[in-house]
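See structure below.
Just so we're on the same page: letters track the sequence lines, and every chain starts at 1. Everything quoted here is computed from the prediction, not taken from an experiment. Quick note: numbers below take in every heavy atom, side chains included, and nothing from hydrogens, waters or symmetry partners.
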Amino acid sequence: MATLIPTLTLSCADGTTDLINFSVVDSLNVTQDIVAPSKVKLTTSDLEIGPTTYGKSYVYLKNTDDTIAINIEITDGNSTMQLAAGEFAFFPWTGASGIVAFSASGTPYLEYAIFEA
Amino acid sequence: MATTAQITITSPDLMPGSALNITANTTLTKAGVTADLDQKESAVIKLVSGTEYRLGPLATEMAGDAHDIASYLYVHNKTTEDATYYVDWGIHETMIGRLYAGDWMFIPWNASDDGAEIEIEPQGGTNIIEYCLFNSDVILPTAAS
């Protein structure tokens with residue numbers, strides 16, 4: 001069993017008079033399969049990056065392109081999120097529905113990792 | 001409202017001989033442009049088990065095309081109870097994952113239509129949930145008098 005330590009820091013100095021500046025840290029147990037940080041070139045066609053063979057997992061996604069957006073679907077046919085240029089996401093995933101990625105246009109690269117609990 | 005987000009994911013023992021160390025940064029901007037987001041909604045709420053709770057407004061609750069915007073969502077289950085306490089999160093009627101005690105998530109989100117709403121539902125007992133929704137140009141309809 002391995003330990004995964006994700007940390008998120010959000011900061012904003014001019015949003016409201018109550019400044020945002022905090023970090024949250026978690027400690028997660030990873031006991032099953034992992035997809036180590038990987039990078040894949042996408043097209044406008046679906047590419048399954050997270051098959052349903054995974055159980056409860058944690059997913060990291062990052063759009064490494066400077067301009068092109070990447071669409072992510074977790075329920076088939078329904079756009080779940082769009083990663084604009086440079087954006088990332090980290091979330092828990094049950095593995096019940098596969099994770100599919102495709103580009104809004106062109107061939108951007110997606111960086112991703114999956115850690116099965 | 002220049003908001004920045006940074007994630008680091010580390011592990012000393014996940015891959016023998018190669019400690020994991022991921023770092024990514026992003027500035028939260030409006031859709032398709034480099035202008036900063038200018039609105040946010042944040043709260044800490046207590047929800048009892050089985051309560052479905054929608055984060056953010058529905059697309060049809062926003063005026064005009066105001067819903068077709070970039071949003072970012074941070075959710076943190078601040079419960080300190082055991083593993084029987086968790087928060088399901090999903091989009092529309094599809095559950096996507098579970099936030100156990102102390103777990104958090106951060107995703108970009110587009111409230112493109114009423115079928116894209118994000119919902120959470122605690123299980124196991126009363127969970128304490130912190131969330132923050134960053135967005136822009138959300139214009140809610142005028143309240144009825």
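When the candidates A:Thr9, A:Val30, A:Leu61 are compared by the number of heavy-atom contacts under 4.5 Å with chain B, A:Thr9 comes out ahead. Taking B:Ile107, B:Leu73, B:Thr4 one by one and counting their heavy-atom pairs under 4.5 Å with chain A, the maximum is reached by B:Thr4. If you tally non-hydrogen atom pairs under 4.5 Å between each of B:Leu28, B:Thr3, B:Thr27 and chain A, the highest count goes to B:Thr3. For chain B, the option among A:Ala69, A:Ala89, A:Ser11 with the highest count of heavy-atom pairs below 4.5 Å is A:Ser11. Contact count against chain B (heavy-atom pairs under 4.5 Å) is highest for A:Phe88 among A:Phe88, A:Tyr60, A:Phe115, A:Tyr58.
No continuous path of ILVMFWY side-chain contacts below 4.5 Å connects B:Val44 to B:Ile120, so the two sit in separate hydrophobic clusters. One hydrophobic cluster, built from ILVMFWY side chains closer than 4.5 Å, holds both B:Trp109 and A:Ile70. Residues A:Val24 and B:Tyr72 are members of one and the same hydrophobic cluster, defined by side-chain heavy-atom contacts under 4.5 angstrom among Ile, Leu, Val, Met, Phe, Trp and Tyr. Tracing side-chain contacts under 4.5 Å through hydrophobic residues (I, L, V, M, F, W, Y), one reaches B:Phe106 starting from A:Ile20; they form part of the same cluster. The cluster map of Ile, Leu, Val, Met, Phe, Trp and Tyr, joined by side-chain heavy atoms under 4.5 Å apart, puts B:Ile91 and A:Leu83 in the same cluster.
Both the backbone and the side chain of A:Ile5 come within less than 4.5 Å of a heavy atom of chain B. For chain B, no part of A:Val59 is nearby; none of its heavy atoms comes within less than 4.5 Å.
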Q: Could you walk me through whether A:Lys56 and B:Tyr100 pass the side chain to side chain contact (heavy atoms under 4.5 Å, CB included) test, one step at a time?
A: CA-CA 11 Å; A:Lys56 176 180 178 291; B:Tyr100 288 89; 2.8 Å; yes
Q | Criterion ring-ring contact (aromatic ring centres under 6.0 Å, His included) on B:Tyr74 and A:Phe90, from CA distance to verdict | A | CA-CA 10 Å; B:Tyr74 155 75; A:Phe90 183 81; over 10 Å; no
(Q) Please determine whether side chain to side chain contact (heavy atoms under 4.5 Å, CB included) holds for the pair B:Phe134 and A:Leu10, giving the CA-CA distance in whole Å, both sets of side-chain angles, and the decisive distance to 0.1 Å. (A) CA-CA 11 Å; B:Phe134 301 91; A:Leu10 290 170; 4.1 Å; yes
Q: Let me see the working for B:Ile96 and A:Thr94 under side chain to side chain contact (heavy atoms under 4.5 Å, CB included), right down to the final yes or no.
A: CA-CA 6 Å; B:Ile96 293 176; A:Thr94 63; over 6 Å; no
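Between the side chain of B:Trp89 and the backbone N or O of A:Pro92 there is at least one donor-acceptor pair closer than 3.5 Å.
For A:Asp26, the salt bridge (charged side-chain N to carboxylate O under 4.0 Å, His left out) criterion is met by no residue, not counting sequence neighbours.
B:Glu130 CD to A:Phe22 CZ: the interatomic distance, rounded to the nearest 0.5 Å, is 5.5 Å.
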For residues 5-26 of chain B, dump all side-chain donor-acceptor pairs below 3.5 Å to protein atoms at least two apart in sequence or in another chain.
unit_1: B:Gln6; atom_1: NE2; unit_2: B:Asn25; atom_2: OD1; d: 2.9
unit_1: B:Ser11; atom_1: OG; unit_2: A:Thr3; atom_2: O; d: 2.6
unit_1: B:Ser11; atom_1: OG; unit_2: B:Asp13; atom_2: N; d: 3.4
unit_1: B:Ser11; atom_1: OG; unit_2: B:Asp13; atom_2: OD1; d: 3.2
unit_1: B:Ser11; atom_1: OG; unit_2: B:Leu14; atom_2: N; d: 3.1
unit_1: B:Asp13; atom_1: OD1; unit_2: A:Thr3; atom_2: N; d: 3.0

